[in-house]
Amino acid sequence: MPVSFASSYRAPFFLRNGHAQTIFPVLFRPRPEVEQRRERLHLPDDFIDLDLTPADPFAPFRGVAVISHGLEGNSRRRYVQGMAGALAATGWDVVARNFRGCGGETNRQPHMYHSGETDDLHATVQFCLARGYRRIALVGFSMGGNQTLKYLGENPDRVPPEVVGAAAFSVPCDLVGAAAVLDRPANRIYMEYFLRSLRVKMREKAALFPGRFDLAGLDAMRTFAEFDERFTAPLHGFASAMDYWTRSGCLPVLHGIRVPTLLVNACDDPFLSQSCFPETEAARNPALHLEMPRDGGHVGFVTLNGGNRYWSEARAADFLGALGAEQAGH
């Protein structure tokens with residue numbers, strides 16, 4: 001069924017709480033052991049850095065999977081490395097992309113990345129095609145999940161036929177609703193976590209482009225509304241923070257998705273509003289499979305199995321592995 005509350009995920013008894021699920025992997029998950037080779041993708045105006053992981057040579061080869069991380073993450077976060085390892089073990093080469101400025105080096109332009117940006121994902125897909133891949137899967141977390149779903153739905157004719165499917169986890173499909181939820185006092189710790197990193201980015205930008213940015217009051221900002229109104233929106237051609245959120249969420253374009261796509265949002269995700277659970281859209285689009293486990297938090301889905309493999313990684317590998325496996329290969 002395209003919409004399902006039924007899920008195979010079972011949270012450990014002490015992690016049946018959205019905040020615990022969200023925080024536990026950041027503090028306690030061992031770093032997954034996965035090979036990652038850095039390669040730079042040069043764009044017409046800038047660059048992004050990619051981390052490449054080869055498929056297990058003993059697994060049936062399936063193609064390449066492109067992984068997109070979340071806000072202020074990078075390709076070497078544990079959740080990305082865990083997913084890369086799980087997909088490689090089941091026969092996928094992996095390209096984990098870093099958003100502009102997230103790979104360890106500041107990008108060359110004043111603008112960076114944002115929730116609705118899809119051109120760099122498209123460029124990464126083109127990179128894979130140029131390498132000879134004929135089956136491409138997309139995987140995204142949080143903001144990267146929003147970008148992935150928006151890419152698939154906003155202009156389906158742009159998506160190459162070699163893209164066979166996608167899996168996205170913990171996606172703020174409605175950015176207006178998600179911003180309101182994150183503004184709640186209970187989520188202050190997450191907001192400060194993100195803003196601390198974003199403040200560093202803006203200071204780096206101000207040093208590179210003297211006189212371009214007004215940093216007055218930067219340290220006092222406590223919400224995405226303040227930060228996006230001052231920086232994100234004007235930098236990327238939006239009239240305001242509300243205009244940015246409204247135009248960048250994937251919710252309005254989910255109906256356009258044509259390839260089999262799994263969207264997993266946990267019911268206890270502390271970042272998501274009710275509008276981020278697109279039941280109506282999934283019910284109307286047979287290509288969109290919406291799964292809503294009771295537990296899981298935000299990019300959590302912790303599994304304590306001794307193998308350091310989380311449920312989300314196994315779920316993505318199973319879903320993507322079932323997509324036309326007989327056509328696997330370059």
Side-chain angles (χ1 to χ4, degrees), residues 38-51 66-77 80 95-127 140-151 154 171-172 175 178-179 182 190-219 221-250 271:
R38 178 63 55 92
E39 187 162 336
R40 178 155 291 182
L41 173 57
H42 294 280
L43 305 169
D45 67 330
D46 213 326
F47 69 89
I48 56 174
D49 288 325
L50 311 173
D51 275 331
V66 176
I67 301 178
S68 300
H69 60 76
L71 174 65
E72 284 303 283
N74 57 64
S75 62
R76 296 182 177 177
R77 290 291 173 90
V80 175
V95 175
R97 69 185 185 105
N98 292 279
F99 302 162
R100 297 189 187 205
C102 292
E105 182 177 337
T106 304
N107 62 300
R108 301 186 184 117
Q109 300 298 327
H111 60 274
M112 298 181 289
Y113 67 90
H114 63 84
S115 291
E117 195 281 320
T118 58
D119 287 344
D120 289 357
L121 175 55
H122 185 63
T124 307
V125 169
Q126 295 297 318
F127 166 88
F141 295 93
S142 194
M143 176 185 279
N146 184 76
Q147 292 179 346
T148 297
L149 299 180
K150 188 169 181 283
Y151 172 64
E154 67 183 354
V171 180
L175 296 178
L182 277 166
Y190 307 120
M191 186 66 70
E192 183 54 32
Y193 175 83
F194 290 128
L195 286 174
R196 187 187 311 124
S197 180
L198 289 167
R199 291 184 193 110
V200 172
K201 291 272 177 73
M202 292 316 305
R203 292 190 181 98
E204 291 174 347
K205 286 292 183 184
L208 283 173
F209 301 94
R212 176 70 186 269
F213 299 97
D214 175 14
L215 300 186
L218 177 63
D219 288 335
M221 290 182 178
R222 294 292 180 266
T223 67
F224 283 142
E226 295 170 295
F227 185 89
D228 290 343
E229 187 76 22
R230 172 83 69 84
F231 300 113
T232 311
L235 265 179
H236 301 100
F238 299 101
S240 63
M242 184 59 68
D243 181 50
Y244 160 50
W245 298 338
T246 302
R247 293 167 54 191
S248 296
C250 67
F271 290 21

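Just one residue in the list N107, D49, D120 forms a side chain to side chain donor-acceptor pair (under 3.5 Å) with R100, and that residue is D120. With respect to Y113, the side chain to side chain contact (heavy atoms under 4.5 Å, CB included) criterion is satisfied by exactly one of T232, I48, L71: L71.
Between the E39 side chain and the L41 main chain, no donor and acceptor come within less than 3.5 Å of each other. Remark: the backbone N or O of D51 is not paired with any side-chain donor or acceptor of R76 at under 3.5 angstrom. Of the possible donor and acceptor atoms, none in the side chain of R40 sits under 3.5 Å from a partner among the backbone N and O of F47.
Ring pair H111/H236 is perpendicular by interplanar angle, where above 60° counts as perpendicular and below 30° as parallel. Ring geometry for F209 versus F213: interplanar angle over 60°, hence perpendicular rather than tilted (30 to 60°). Aromatic ring orientation, F271 versus F194: perpendicular (interplanar angle above 60°, classes split at 30° and 60°).
The nearest pair of heavy atoms linking C102 to N98 is O-OD1, 3.6 Å. Closest of all the heavy-atom pairs between G116 and K150 is O-NZ, 3.1 Å.
Using a 4.0 Å cut-off between a side-chain N of Lys or Arg and a carboxylate O of Asp or Glu, E154 and R247 do not qualify as a salt bridge. Taking the charged nitrogens against the carboxylate oxygens, E72 and K201 do have a contact shorter than 4.0 Å, which makes a salt bridge.
Of the N and O atoms on the side chains of Q147 and S68, not one donor lies less than 3.5 Å from an acceptor on the other residue.
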Could you walk me through whether R97 and F127 satisfy the side chain to side chain contact (heavy atoms under 4.5 Å, CB included) test, starting with their C-alpha distance in whole Å, then the side-chain angles of each, then the deciding distance to 0.1 Å, before giving a yes or no? CA-CA 11 Å; R97 69 185 185 105; F127 166 88; over 6 Å; no

Assess whether side chain to side chain contact (heavy atoms under 4.5 Å, CB included) is satisfied between M143 and F99, documenting all intermediate values. CA-CA 10 Å; M143 176 185 279; F99 302 162; 4.0 Å; yes

